[in-house]
Amino acid sequence: MLHRAKGNQGIYRMKKELEQILNQTIQHCFQEGVLKAVDPPEYIIEVPNNPEHGHFATNLPMVLASSQKRNPRDIAQTIMDHLENHDTFIERAEIAGPGFINFMLKKEKWFSLLDAIITDRDEYGRNTSGDGKNILVEFVSANPTGPLHLGHGRGAALGDTLCRVLSFCGYDVVREFYINDAGQQVRLLGESIYSRWRQMSDPDYPFPEKGYHGAYILDLAEEISAEKDLSTFGVEDAVIFCAEQGRERMLREIRKDLVQFGMDFDVWYSETSLFEKGLVEEALRDMKDKGKLYEKDGASWIQTSSFGDDKDRVIRKNDGQYTYFASDISYHLDKWKRGFSQAVNIWGADHHGYVQRVKAALKANGIDEDWLSVLLVQLVKLWEGGQEVKMSKRAGQYVTLKELVEEVGVDAVRFVFLTKNHDSPLDVDMDLIKRHDSDNPVYYVQYAHARICSIFRKAESEGIIYSRSATKTADRLVLEEEMRLIRFMAEFPSLIRDIGKTFEAHRLTYYLGELAGLFHKYFNIGNQIPENRIVTGDEPLTQARLALVDAIRIVISNGLRLLGVHAPERM
RNA sequence: GCGCCCGUAGCUCAGAUGGAUAGAGCGCCGGGCUUCGAACCCGUAGGUCGCAGGUUCGAAUCCUGCCGGGCGCGCCA
């Protein structure tokens, strides 16, 4: 299979090249004796925040200082005097501050990057860091007892975007939804539905104490009883029937909502199936054989406390019933046995107490705890008219994901759900999310894309044929704003790589906001000074600038695609 | 009480592996369209990075203690 070498684009490639030059240089300095030969130190090459500090900066002289017993600035001078093989790469190097070396690269290096973006197009940003390894991402995993709420939506947006990013990083990704259908909740769902049905003819019929109060229960009761005469069953059979039917119908709804939200799952994994296939018993037997279980007070316990948990946990109650934890362990062992090299769980933050014990259980089974990453998603609060929209899941009064999506659209919801670190609570302001201006971050980014498309329409209407290349004309890009845009776009591939490693999907929304901002500023200088427009009477310059904004359009479009957000040509 | 997370501008939040003068959006005030989309841009103001120590050439970032907030600590699911 022939394809372009991926994963070495942009800043990443440049850093590697610079690193090679620096490594060679200090080795030669060691050999020539101008630096005392020591183990090569760990140093960084970074993109400075301050543009005056060059394109790249390294702290190499400072980390060498203690072993060399010399002033970092002296060492910097020595290194700079011995720089080799850099004629086509480094434009200028200078000592700065306490002992940094700042590098300015040749402009051609940056311009060739512009061509790389235009050539790679949809593929720009793809890398091979995943190396084809398979990774399981489990997310949403809602109980099939009610509609998805906003917290589920946030987890869904995070999970789906991570999956898209991980695929882009060369992982083989499996998306999985774990259906918690084994415990009392589904039974309770059945009781709730049955009770609502009975109440149609007998308003005084009791409703289960911890039953589900949402209006959807009544809908389910009506649907189910319309298809099947429940009075032909005894009470127990009717409740079981309602539970099964309710589970199926809720799952269908959940899936429909998720598809509408822009995602689907590869695997829908039922908790009940773990019991049916005997996996729970198998896991317990296995752990018992390994001596990780013991009996006390008529119950079975697992020794998680030996593996980082606060205390041991009951896995089978003294009435013979398994605890939720038992199926959870066997579920995760099954994930492991299915051969995934890595697993990611996205849980609501209220489950954070379980992270340690699940990891402990894995360790008890000889599995490295780093194999599993658990991301906790904090609460979503809704605000409208300056007031918090109070929700109560227990009373069945809450805004569902479906309602929010229908009101403000998939794009806005997905985007704002990723505007913050998953670990901090999120306030969603309905008034803001519905606005069609720069206050609404998703429109700000989409507008940049649409605006660029508009520029191309304009160019076309003036008879300009875009050459789709910057090779011959890019040296006409002399404005500071233009260099800044190119350099910023160069960071996109390493950003994607980082997100694939750290799972910090929100960094993508921030990046796109900043890129859109740089573009809007650039566009506006043409409003003041006509020579700074993209489409001008100067043909080569116009071609160069079209290549630049084409690249911006590509990066925005690729970023939005990873977020599951549309990149409109008009809006 | 124990464990995890958090504390950065008036508000909401970014600040990857420790780096140079800590950033953005909103809000306030003031500006910019007869010409590429004003769904945009520009400018002013706003900070003991919760507090106190420590590590280091260098700390918002790492360590310790304290203060303040959130969540979790069932033979519940």
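Throughout, protein chains are lettered first and strands after them, A, B, ... in sequence-line order, and every chain is numbered starting at 1.
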Between N102(A) (side chain only) and A57(A) (backbone N and O only), is there a donor and an acceptor less than 3.5 Å apart? no
Both I45(A) and I455(A) contact RNA chain B. Which one's nearest nucleotide lies toward the 5' end? I45(A)
Record whether the side chain of D181(A) comes under 3.5 Å of the base of rA77(B) through a donor-acceptor pair of N or O atoms. no
Nucleotide nearest N527(A) (side chain, heavy atoms from C-beta), chosen from rA14(B), rA38(B), rC5(B): rA38(B)
Could you tell me the Watson-Crick or G-U partner of rA52(B), where both distances fall under 3.5 Å? Say none if there is no partner. rU64(B)
Please measure how far the C1' atom in rA59(B) lies from the corresponding atom in rA52(B), and state the result in whole Å. 15 Å
Please walk me through it: do L362(A) and L372(A) pass side chain to side chain contact (heavy atoms under 4.5 Å, CB included)? CA-CA 9 Å; L362(A) 288 174; L372(A) 174 69; 3.8 Å; yes
Give none if rC2(B) has no partner; otherwise give the nucleotide forming a Watson-Crick or G-U wobble pair with it, both distances under 3.5 Å. rG72(B)
Whole-Å distance separating the CZ atom of R545(A) from the C1' atom of rC36(B): 11 Å
Side chain of E46(A) - closest among rA20(B), rU12(B), rC75(B): rA20(B)
Would you mind reading off the distance between Y294(A) atom OH and rC75(B) atom P, rounded to a whole angstrom? 11 Å
Respond yes when some side-chain nitrogen or oxygen of Y444(A) is under 4.0 Å from OP1 or OP2 of rC41(B), and no when none is. yes
Applying the Watson-Crick and G-U wobble criteria at under 3.5 Å, what pairs with rC11(B)? Answer none if nothing qualifies. rG25(B)
Whole-Å C1' distance, rA9(B) and rC4(B): 29 Å
With respect to the side chain of R451(A), which nucleotide from rG19(B), rC5(B), rA38(B) is positioned closest? rA38(B)
Nearest to the side chain of V314(A), heavy atoms from C-beta on, is which of rA77(B), rC75(B), rC36(B)? rC75(B)
I need the CD-P distance between E491(A) and rA14(B), as an integer number of Å. 19 Å
In this structure, how many angstroms lie between the C1' atom of rA77(B) and the CZ atom of R187(A), rounded? 15 Å
With rounding to the closest Å, how many angstrom separate the P atoms on rC5(B) and rU17(B)? 16 Å
Determine, for R507(A) against D498(A), whether the closest basic-nitrogen to carboxylate-oxygen distance falls under 4.0 angstrom. yes
For atom CZ of F519(A) and atom P of rC36(B), their distance in whole Å: 13 Å
Does H351(A) lie flat on the base of rG72(B), that is, centres under 5.5 Å apart and planes under 30° off? no
Atom CD of E19(A) and atom C1' of rU17(B): how far apart are they, to the nearest Å? 13 Å
Whether K311(A) contacts rG74(B) is assessed here as follows: a side-chain N or O lying under 4.0 Å from the phosphate OP1 or OP2. Is that the case? yes
P spacing across the pair rG19(B) / rG1(B), given as an integer number of angstrom: 35 Å
Could you label the plane-to-plane angle of the Y322(A) and F275(A) rings as parallel, tilted or perpendicular, counting under 30° as parallel and over 60° as perpendicular? tilted
Considering only heavy side-chain atoms of A450(A), the closest of rC41(B), rG37(B), rC36(B) is rG37(B)
For the base of rG3(B), is there a side-chain donor-acceptor partner from H352(A) under 3.5 Å away? yes
Rounded C1' spacing from rG18(B) to rC63(B) in Å: 13 Å
Which one, rA16(B), rG37(B), rG19(B), comes nearest to the side chain of Y447(A)? rG37(B)
Measure distances between side-chain N and O atoms of Y354(A) and base N and O atoms of rC76(B), and say whether any donor-acceptor pair falls under 3.5 Å. yes
Mapping R357(A) and I525(A) onto RNA chain B by nearest heavy atom, which one lands closer to the 5' end? I525(A)
Look at the side-chain N and O atoms of H506(A) and state whether any lies under 4.0 Å from the OP1 or OP2 oxygen of rG15(B). yes
Side-chain contact check for S424(A): nearest option of rG19(B), rC42(B), rC13(B) is rC13(B)
Nearest to the side chain of V63(A), heavy atoms from C-beta on, is which of rG19(B), rG37(B), rA16(B)? rG19(B)
Between rA16(B) and rG50(B) - P atom distance, rounded Å: 15 Å
Quick one, Q77(A) and D74(A) - any side-chain contact, counting heavy atoms below 4.5 Å? no
Please report the distance, rounded to the nearest Å, between NZ in K359(A) and P in rC4(B). 13 Å
Considering Watson-Crick and G-U wobble pairs with both distances under 3.5 Å, what does rA20(B) pair with? none
Between K210(A) and rA77(B), does any side-chain N or O lie under 4.0 Å from OP1 or OP2? no
If the cut-off is 4.0 Å, is T58(A) near the phosphate of rG19(B), judged by side-chain N/O to OP1 or OP2? no
Check whether any side-chain heavy atom of F456(A) sits under 4.5 Å from a side-chain heavy atom of Y466(A), and report yes or no. yes
Take atom C1' in rA24(B) and the same atom in rU8(B), then report the distance between them in whole Å. 12 Å
Angle class for the Y178(A)/Y331(A) ring planes (parallel below 30°, perpendicular above 60°, tilted otherwise)? parallel
Select one nucleotide: of rA38(B), rA20(B), rG74(B), the one nearest the side-chain heavy atoms of F523(A). rA38(B)
Name the orientation class of the two ring planes belonging to H506(A) and Y510(A) (parallel below 30°, tilted from 30 to 60°, perpendicular beyond 60°). perpendicular
Check every atom of rC57(B), rA20(B), rG37(B) against the side chain of M62(A) and return the nucleotide holding the closest atom. rC57(B)
Using only side-chain N and O atoms of K420(A), determine if any of them is under 4.0 Å from OP1 or OP2 of rG25(B). no
For rU34(B), the nucleotide meeting Watson-Crick or G-U wobble distances (both under 3.5 Å) is none
Aromatic ring pairing Y511(A)/F492(A), orientation class (parallel under 30°, perpendicular over 60°, tilted between): tilted
Distance, P atom - from rG23(B) to rC49(B), rounded to whole angstrom: 14 Å
Is there a stack between F100(A) and rA20(B), judged by ring centres under 5.5 Å and planes under 30°? yes
Find the distance D297(A):CG to rC75(B):P and express it as a whole number of Å. 10 Å
